[in-house]
2 protein chains.
Amino acid sequence: MVKNNDLNNSDKNTEKIILDAAKKVFLVKGFDGARMQEIADEAGINKALVHYYFRSKENLFDAIFKEAFQQFMPQVAEIVSSEEPLIRIIEKFSDMYTRMLLNNPHLPMFILHEINRNPEQLAEKFRSFGVKPEQLVQVFQKKCSQENYRVIDPRHLIVNLLGLCIFPFVARPIIQKLIFNNNSSEYNKFLESRKKEVAEFIINAISIKK
Amino acid sequence: MVKNNDLNNSDKNTEKIILDAAKKVFLVKGFDGARMQEIADEAGINKALVHYYFRSKENLFDAIFKEAFQQFMPQVAEIVSSEEPLIRIIEKFSDMYTRMLLNNPHLPMFILHEINRNPEQLAEKFRSFGVKPEQLVQVFQKKCSQENYRVIDPRHLIVNLLGLCIFPFVARPIIQKLIFNNNSSEYNKFLESRKKEVAEFIINAISIKK
DNA sequence: GTCTATATCGGGATAGAC
DNA sequence: GTCTATCCCGATATAGAC
């Protein structure tokens, strides 16, 4: 006897629908720019219903941010703690990170915006998701020396790696317009190619020449 | 007979005072996050007076944006059109750009935010300030080959250069907290050091090894 | 749980005195 | 030119019917 539990009515869990709609709107507009009305429209329901599920805009936003964050962090933490050689870490990071951002192109701008709007509490949030930056610095430090790369402050290396991965996403609109004739699929190909390009670029930069 | 023209009263031109206050607020909060009241407070005057000088919030914002832009662009255009060898261009750009951002640390986030809020009209605004990206691509292309560097898509090179310069400013709050124990002056030293570090990094990355 | 209607509030903008 | 007081709208939030 099968109960039609999961797909009985069209509502497929209203809460989830609202979350998806809110995510879409908040990610593009940011907290200040987002409107509860727009979220309701996007969800195809009434504005009051949004308040019924999440009492306030802030609550809803926090839920979205938390969700986005949980998507962001775990893989990162996993990779950087790996025991592989530096080259492999850089290759894997560049590939995985770019791949993830291709699936969530608005995430970086969203998080950057929050970081600047809310500098206080963010660091703790990062740490609570298992990001151990000082450890990362040490790991890079050690690998750099023992694997015989050019002398480079590991903090520069980390910032460079992140910047090269993230920047083309947050500056996409202007770069795409100015250098890619506003051709979106061309720009996507460009981003795809960066999965390997960024790693290659960095590895060349830190390799010792002779 | 000297008239005390320029420093007669404390007001030193109210319009300028408002512009300075508005710049401070808009740059940190963005358009949506900024409040006319806050701008008035920052300027030490009344809210109505702000509306007296600039009819609307949008007007005021446009004035700020234009000003910020004029500060940003001209030097850039000048450098990239120079006839010097690639290495020198990269060195000069990294140095000059970082130096400018150190003087206007909130500018990049402000412009990025606008770029994403307003993708349509921005490209034209860039062009109107003398930025010729397709020409820049060609220049880099030519210099790369004739000066015998590693084969690299000049578009990657440009994005990398910009990303390495800009990212540490837009992600400053989180990086400073997580890697620099929230020590602001340490982070400033770090940014200072990037004037040379970024150039060195890139030049190593594109140099042919043997 | 979902809707309509409405209360409430904040913030941009204006009127008018000085 | 600068202020106080006020208008007015848009947006968050709540009340209450169904």
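Here is the naming used below: chain letters follow the sequence lines, and residue numbers restart at 1 for every chain.
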Of the listed nucleotides C/dC3, D/dC3, C/dA13, the one nearest the side chain of B/Ala48: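 The nucleotide sitting nearest to the side chain is D/dC3.
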
What nucleotide among C/dC3, C/dT2, D/dT2 has an atom nearest to a side-chain atom of A/Thr14? C/dT2

Interatomic distance where [atom1] belongs to [X] and [atom2] belongs to [N] [whole Å]:
{"X": "A/Gln37", "N": "C/dT6", "atom1": "CD", "atom2": "P", "result": "17 Å"}
{"X": "B/Asp32", "N": "C/dG12", "atom1": "CG", "atom2": "P", "result": "11 Å"}
{"X": "B/Asn46", "N": "C/dG12", "atom1": "CG", "atom2": "P", "result": "13 Å"}
{"X": "B/Glu58", "N": "C/dA13", "atom1": "CD", "atom2": "C1'", "result": "13 Å"}
{"X": "B/Lys57", "N": "C/dG11", "atom1": "NZ", "atom2": "P", "result": "9 Å"}
{"X": "B/Asn59", "N": "C/dT14", "atom1": "CG", "atom2": "P", "result": "10 Å"}
{"X": "B/Leu49", "N": "C/dA13", "atom1": "CG", "atom2": "P", "result": "15 Å"}
{"X": "A/Glu38", "N": "D/dG10", "atom1": "CD", "atom2": "C1'", "result": "14 Å"}

Have a look at A/Ala40 and say if it touches a base, only the backbone sugar-phosphate, or nothing, with a 4.0 Å heavy-atom cut-off. nothing

Near-ring test A/Phe61/A/Phe110, centroid separation under 6.0 angstrom: yes

Would the distance check show the side chain of B/Lys195 and the main-chain N or O of B/Lys92 forming a donor-acceptor pair, the cut-off being under 3.5 Å?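 Judged by distance alone, no pair lies under 3.5 Å.
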
Treating A/Asn116 as the side-chain partner and B/Val170 as the backbone partner, does any N or O pair qualify as donor plus acceptor under 3.5 Å? yes

Can a side chain N or O of A/Arg55 be found less than 4.0 Å away from OP1 or OP2 on D/dA13? no

Between A/Glu38 and the options A/Lys29, A/Lys47, A/Lys24, the salt bridge (charged side-chain N to carboxylate O under 4.0 Å, His left out) test singles out A/Lys29

Quick one: which of A/Phe190, A/Phe201, A/Phe167 gives a ring-ring contact (aromatic ring centres under 6.0 Å, His included) with B/His156?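 Going through A/Phe190, A/Phe201, A/Phe167 one by one, the ring-ring contact (aromatic ring centres under 6.0 Å, His included) with B/His156 is satisfied by A/Phe190 alone.
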
Nearest nucleotide by nearest heavy atom, which residue falls closer to the 5' end of DNA chain C, A/Lys47 or A/Tyr52?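 Going by which nucleotide is closer to the 5' end, it is A/Tyr52.
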
Could you check A/His51 against B/Tyr53 and say which one's nearest nucleotide on DNA chain D is further toward the 5' end? B/Tyr53

